[in-house]
Chemist: 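Handing you this structure, nothing more for now.
Predicted model, so just to flag it, every value in this text is computed and none were measured.
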Amino acid sequence: MIEQTIEIKDVEPVLVFGIQDRILKKIETAYPGATLSARGNKIKISGSSEDFAEINDLVNRLIRLAIRNKAVTDQDVNTLLNMKLGERLADDNATAPADGETIVRTHTGEVVRAKTPNQKRIVEASAKNDIVFAIGPAGTGKTYTSVAIAVKALKEKKVKKIVLVRPAVEAGENLGFLPGGLKDKIDPYLRPLYDALEEMIDKDRLDLNMTKNVIEIAPLAYMRGRTLNNAFVILDEAQNATNMQMKMFLTRLGFNSRAIITGDITQTDLPRLKQSGLISIQQILKNIDGIEFVYLDQRDVVRHKLIREIISAYERHEQKEEARLEKAEQERIAAAKQREQGKPGS
């Protein structure tokens with residue numbers, strides 16, 4: 001049994017504890033063998049070495065969230081707990097072979113299969129549920145695995161068409177300055193979906209299927225007003241869908257249709273005042289039969305070996321930058337108070 005105390009600085013402790021320690025109690029429920037107690041601005045954690053390491057990391061993440069957002073919601077806690085569960089499942093399966101059963105073969109005959117435990121979970125969840133959310137960082141194979149599942153369903157005639165959708169959100173660029181017509185401006189946003197399809201279906205067949213609308217790739221805005229029957233629908237980069245767009249997309253599903261929604265909640269390109277629909281949907285649709293959430297993490301990264309290190313480096317940098325900005329803001333407030341106190345007659 002390990003015991004340690006974490007001191008909370010630079011933020012109101014109640015934001016991390018929750019009113020009447022609600023957040024700490026939620027963590028204790030997820031870790032029955034551990035105890036958390038709050039006193040003043042300190043949290044005392046006790047538990048097994050394995051539980052302690054996870055809880056310690058979880059609490060420190062909550063502190064950083066509280067400093068950055070001036071609040072910690074139940075949704076934040078649930079997301080972090082679900083991510084920890086995903087990491088634990090990956091560890092439990094670490095001794096098993098990483099590769100799953102063949103999903104589909106590329107047009108050159110190469111086998112496409114799940115390469116990590118959480119990619120397996122996407123495949124298994126899609127087989128059992130009509131709607132699956134795959135949430136995790138870049139490079140974890142969310143889109144590629146989802147497209148492979150959709151292609152398999154089409155080849156096996158379980159659906160009559162595939163619809164691949166992405167929000168056309170400007171990530172620092174301005175669409176108006178791109179050359180060409182609307183299609184030319186939008187296609188670059190949909191290119192990753194074309195790339196995945198081109199690996200699995202030979203070009204002539206892919207072109208024919210797209211001409212006949214058996215396979216359709218479209219911006220999210222084009223989904224409004226449609227009903228998709230007998231279709232496998234993928235919403236990619238869903239962190240860039242607003243709450244209303246997410247609701248609109250999910251209500252497009254018709255008879256015998258399935259959907260996978262993928263995204264990375266840490267990389268939204270939405271304007272500051274608009275909340276990502278992928279973040280809020282985790283709370284809205286929790287505990288509904290036929291819907292499953294799968295969480296991926298850095299251990300699922302299947303791109304270049306350096307990608308995992310890059311993601312970790314960015315996380316460390318962002319934490320330092322948040323701390324620097326918070327310190328600068330505190331110094332600004334302190335300086336303003338000092339000036340106010342120094343005014344004549346104050």
Side-chain angles (χ1 to χ4, degrees), residues 98-116 118-127 129-134 136 138-168 182-220 222-223 226-238 249 252-263 294 296 300 302-304:
D99 290 344
E101 295 181 1
T102 299
I103 303 174
V104 72
R105 289 183 179 272
T106 68
H107 65 88
T108 59
E110 295 178 26
V111 171
V112 177
R113 54 165 60 98
K115 292 183 172 65
T116 72
N118 284 322
Q119 287 182 11
K120 282 187 189 178
R121 290 186 63 211
I122 296 175
V123 177
E124 292 165 356
S126 181
N129 300 274
D130 289 335
I131 298 176
V132 174
F133 290 84
T140 50
K142 305 180 300 294
T143 301
Y144 192 79
T145 302
S146 301
V147 171
I149 295 169
V151 170
K152 179 182 180 182
L154 182 65
K155 287 185 173 182
E156 294 178 350
K157 302 188 184 302
K158 292 180 179 177
V159 295
K160 293 184 177 179
K161 70 179 302 179
I162 296 174
V163 182
L164 307 178
V165 184
R166 261 193 170 203
L182 181 61
K183 184 178 185 303
D184 299 314
K185 293 172 187 280
I186 289 173
D187 271 358
Y189 289 91
L190 308 176
R191 188 67 245 176
L193 300 174
Y194 286 105
D195 290 342
L197 281 173
E198 286 171 356
E199 280 198 36
M200 298 175 204
I201 304 174
D202 71 80
K203 188 178 186 308
D204 290 342
R205 182 172 291 276
L206 178 58
D207 289 345
L208 179 62
N209 283 337
M210 294 186 73
T211 300
K212 292 182 174 181
N213 277 331
V214 174
I215 296 177
E216 180 182 353
I217 302 178
L220 177 58
Y222 286 22
M223 293 297 103
R226 300 182 61 182
T227 299
L228 301 171
N229 295 317
N230 296 304
F232 200 114
V233 192
I234 296 173
L235 173 58
D236 194 38
E237 296 290 335
F249 171 81
R252 297 309 92 201
L253 294 182
F255 295 108
N256 191 41
S257 287
R258 297 157 62 191
I260 299 180
I261 297 92
T262 73
V294 177
L296 301 94
D300 296 295
V302 291
R303 292 182 186 169
H304 192 285

Chemist: Assess the residue pair Leu253 and Ile131 against the criterion (side chain to side chain contact (heavy atoms under 4.5 Å, CB included)); give the C-alpha distance rounded to whole Å, side-chain angles, the decisive distance to 0.1 Å, and a yes or no.
Modeler: CA-CA 10 Å; Leu253 294 182; Ile131 298 176; 3.7 Å; yes
Chemist: Where is the tightest heavy-atom contact between Ile103 and Ala114, given as atom of each residue plus distance?
Modeler: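 The answer is CD1-N, 3.9 Å.
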Chemist: Kindly check if the number of other-residue, nucleotide or ligand heavy atoms within 6.0 Å of NZ (Lys160) is above 12?
Modeler: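 For Lys160, atom NZ is not crowded (no more than 12 foreign heavy atoms under 6.0 Å).
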Chemist: Can you give me the closest heavy-atom contact between Ile149 and Val123, atom names plus distance?
Modeler: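 Closest approach of Ile149 to Val123, heavy atoms only: CD1-CA, 3.8 Å.
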Chemist: Does any non-hydrogen side-chain atom of Tyr194 lie less than 4.5 Å from one of Met210?
Modeler: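 Yes - at least one pair of side-chain heavy atoms lies under 4.5 Å apart.
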Chemist: Mark yes or no for whether Lys161, through its side chain, and Glu216, through its backbone, hold a donor-acceptor pair below 3.5 Å.
Modeler: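 Answer holds: no.
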Chemist: How long is the gap from CG on Asn209 to CG on Asp204, to the nearest 0.5 Å?
Modeler: 11.0 Å
Chemist: Can you confirm whether Val233 sits close enough to Phe249 that some side-chain heavy atom of one is under 4.5 Å from a side-chain heavy atom of the other?
Modeler: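 Side-chain contact under 4.5 Å: yes.
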Chemist: Taking only residues two or more places apart in sequence or in another chain, which ones pass salt bridge (charged side-chain N to carboxylate O under 4.0 Å, His left out) with Lys203?
Modeler: Asp207
Chemist: In Å, rounded to the nearest 0.5 Å, how long is the span from CE of Met200 to CG of Leu154?
Modeler: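 If we round to the nearest 0.5 Å, Met200:CE and Leu154:CG are 12.5 Å apart.
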Chemist: Tell me, with the steps shown, if Thr262 and Ile122 meet side chain to side chain contact (heavy atoms under 4.5 Å, CB included).
Modeler: CA-CA 10 Å; Thr262 73; Ile122 296 175; over 6 Å; no
Chemist: Testing the basics here: between Pro219 and Val165, what is the closest heavy-atom pair and its distance to 0.1 Å?
Modeler: C-CG1, 3.9 Å
Chemist: CD1/Ile162 to NZ/Lys155 distance, rounded to the nearest 0.5 angstrom?
Modeler: 9.5 Å
Chemist: Does some side-chain heavy atom of Asp236 sit less than 4.5 Å from a side-chain heavy atom of Leu164?
Modeler: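 Side chain of Leu164 against side chain of Asp236, heavy atoms only: no contact under 4.5 Å found.
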Chemist: Taking all non-hydrogen atoms of both residues into account, name the closest pair between Ser257 and Leu228 and its distance.
Modeler: OG-O, 2.6 Å
Chemist: Working to the nearest 0.5 Å, report the span between NZ of Lys158 and CG of Asn256.
Modeler: 10.5 Å
Chemist: How long is the gap from OH on Tyr144 to CG on Asp195, to the nearest 0.5 Å?
Modeler: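 Separation between the atoms: 10.5 Å.
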Chemist: If you look at every heavy atom in Lys115 and Gln119, which pair is closest and at what distance?
Modeler: N-OE1, 2.9 Å
Chemist: I'd like to know if the side chain of Arg258 and the backbone of Ser126 have a donor-acceptor N/O pair within less than 3.5 Å.
Modeler: yes
Chemist: If you define the side chain from C-beta out and look only at heavy atoms, does anything of Arg226 sit under 4.5 Å from Met223?
Modeler: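 Arg226 vs Met223: side chains touch.
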Chemist: Looking at every non-hydrogen atom in both residues, tell me the closest pair between Asn229 and Gly254 and how far apart they are.
Modeler: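 Here Asn229 and Gly254 meet closest at OD1-CA, 3.1 Å.
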Chemist: Could you list the residues that satisfy side-chain hydrogen bond (donor to acceptor under 3.5 Å, both in side chains) with Asp130, not counting sequence neighbours?
Modeler: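 Counting only residues at least two positions away or on another chain, Asp130 forms no side-chain hydrogen bond (donor to acceptor under 3.5 Å, both in side chains).
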Chemist: Taking atom CG of Leu235 and atom CD1 of Ile260, what is their separation to the nearest 0.5 Å?
Modeler: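 Between atom CG of Leu235 and atom CD1 of Ile260 there are 11.5 Å.
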Chemist: Tell me every residue that passes ring pair (Phe, Tyr, Trp, His ring centres under 6.0 Å) with Phe133, counting only those two or more places apart in sequence or in another chain.
Modeler: Phe293
Chemist: Could you tell me if the side chain of Ile217 sits less than 4.5 Å from the side chain of Leu197, heavy atoms only?
Modeler: yes
